[in-house]
Amino acid sequence: MERIPILKMGPFLLVTIQVDLYDRLALTLENDLINMVSKTEAKGVLIDISAVSIVDSFMGRILGNIASMSKIMDAATVVVGMQPAVAITLVELGLTLSGVHTALDVEQGMELLRGKIGQLDTDEEGLYDSFI
């Protein structure tokens, strides 16, 4: 069975989608990615969709599901490289991708994730201070 590679980069997971996702592959990616978040205790997931030229409502829901499940597991999700046609399609389908942060490219996406981790560290410090 075909799989999308998931790379660990420090506290983050990087997924680069280089093929058009059919339904079974998208579901496999969703499952593999959530398992990797749990296994590695990743703090962020970066999904590069720059090679994706078309998206349907199912793929949009999968991205939203990944973000929601990752958030529950204490990991932020950033999608990068979205082509204008993909953005237009998502809006026309009425998919807002709640919980999904976006950036133009991988570099900006990694910077956004680093900022999110910084916010989490600050929030956690404040939480512990209130109990002391």
Side-chain angles (χ1 to χ4, degrees):
M1 172 183 255
E2 188 178 8
R3 284 190 137 70
I4 304 289
I6 301 169
L7 305 173
K8 184 168 182 350
M9 295 182 65
F12 307 127
L13 298 177
L14 172 64
V15 178
T16 302
I17 301 172
Q18 297 291 321
V19 297
D20 287 329
L21 288 178
Y22 52 90
D23 291 357
R24 183 176 304 273
L25 183 58
L27 287 171
T28 300
L29 173 61
E30 177 184 68
N31 187 50
D32 290 349
L33 194 50
I34 297 309
N35 285 329
M36 282 293 287
V37 168
S38 175
K39 179 180 172 184
T40 64
E41 297 181 359
K43 293 298 179 189
V45 174
L46 190 138
I47 304 172
D48 180 4
I49 62 169
S50 57
V52 175
S53 57
I54 58 170
V55 69
D56 61 7
S57 61
F58 183 75
M59 180 59 195
R61 274 187 293 138
I62 291 293
L63 289 173
N65 289 348
I66 288 170
S68 295
M69 287 184 256
S70 295
K71 185 175 182 177
I72 289 170
M73 299 177 76
D74 198 28
T77 301
V78 176
V79 173
V80 301
M82 189 177 301
Q83 295 183 24
V86 171
I88 291 168
T89 301
L90 289 172
V91 169
E92 287 176 349
L93 291 171
L95 299 172
T96 58
L97 298 183
S98 178
V100 176
H101 304 283
T102 58
L104 292 177
D105 57 32
V106 172
E107 185 177 351
Q108 290 178 4
M110 284 292 187
E111 196 61 38
L112 182 58
L113 284 174
R114 284 186 200 101
K116 295 281 177 201
I117 285 182
Q119 287 176 347
L120 290 175
D121 291 344
T122 303
D123 290 347
E124 288 174 4
E125 287 173 15
L127 178 68
Y128 295 124
D129 289 344
S130 65
F131 289 107
I132 296 176

Passes side chain to side chain contact (heavy atoms under 4.5 Å, CB included), Leu14 versus Ile6? Steps please.
-> CA-CA 6 Å; Leu14 172 64; Ile6 301 169; over 6 Å; no
Connected via hydrophobic side-chain network under 4.5 Å: [X] and [Y]:
| X | Y | value |
| --- | --- | --- |
| Ile49 | Val78 | no |
| Leu95 | Phe58 | yes |
| Leu97 | Val37 | yes |
| Leu33 | Met110 | no |
| Leu21 | Met69 | yes |

Does any non-hydrogen side-chain atom of [Y] lie less than 4.5 Å from one of [X]?
| X | Y | result |
| --- | --- | --- |
| Ile54 | Thr89 | no |
| Leu29 | Val15 | yes |
| Val80 | Thr102 | no |
| Val19 | Ile4 | yes |
| Asp74 | Lys43 | yes |
| Met59 | Ile17 | yes |
| Ser70 | Ile34 | yes |
| Ser38 | Met73 | yes |

Quick one: list whatever passes side chain to side chain donor-acceptor pair (under 3.5 Å) with Arg3, sequence neighbours left out.
-> Asp32
With sequence neighbours left out, what residues match Thr28 under side chain to side chain donor-acceptor pair (under 3.5 Å)?
-> none
Contacts of type salt bridge (charged side-chain N to carboxylate O under 4.0 Å, His left out), residue Asp105, not counting sequence neighbours = none
Output, in order, the C-alpha distance, side-chain angles, deciding distance and verdict of side chain to side chain contact (heavy atoms under 4.5 Å, CB included) for Leu90 and Met82.
-> CA-CA 10 Å; Leu90 289 172; Met82 189 177 301; 3.9 Å; yes
Stepwise side chain to side chain contact (heavy atoms under 4.5 Å, CB included) test for Leu27 and Ile62 = CA-CA 7 Å; Leu27 287 171; Ile62 291 293; 3.8 Å; yes
If you draw a 6.0 Å radius around CE in Met9, do more than 12 non-hydrogen atoms from other residues or ligands fall strictly inside?
-> no
Starting at [atom1] of [X], measure out to [atom2] of [Y] and round the result to the nearest 0.5 Å.
| X | Y | atom1 | atom2 | value |
| --- | --- | --- | --- | --- |
| Asp56 | Tyr22 | CG | OH | 14.0 Å |
| Asn31 | Met36 | CG | CE | 12.5 Å |
| Ile47 | His101 | CD1 | NE2 | 12.0 Å |
| Lys116 | Glu111 | NZ | CD | 12.5 Å |
| Phe12 | Leu7 | CZ | CG | 14.0 Å |
| Leu113 | Leu13 | CG | CG | 10.0 Å |

Mind listing the closest non-hydrogen atom pair of [X] and [Y] along with its distance?
| X | Y | answer |
| --- | --- | --- |
| Val100 | Gly64 | CG2-CA, 4.4 Å |
| Ala67 | Thr77 | CA-OG1, 3.4 Å |
| Pro11 | Ile117 | CG-CD1, 3.8 Å |
| Gln83 | Ser50 | NE2-O, 2.8 Å |
| Leu46 | Gly109 | CD1-C, 3.4 Å |

Sub-3.5 Å donor-acceptor pair from the side chain of Lys39 to the main-chain atoms of Glu41, do we have one?
-> no
Expected output: side-chain Glu2 to main-chain Leu25 donor-acceptor under 3.5 Å = no
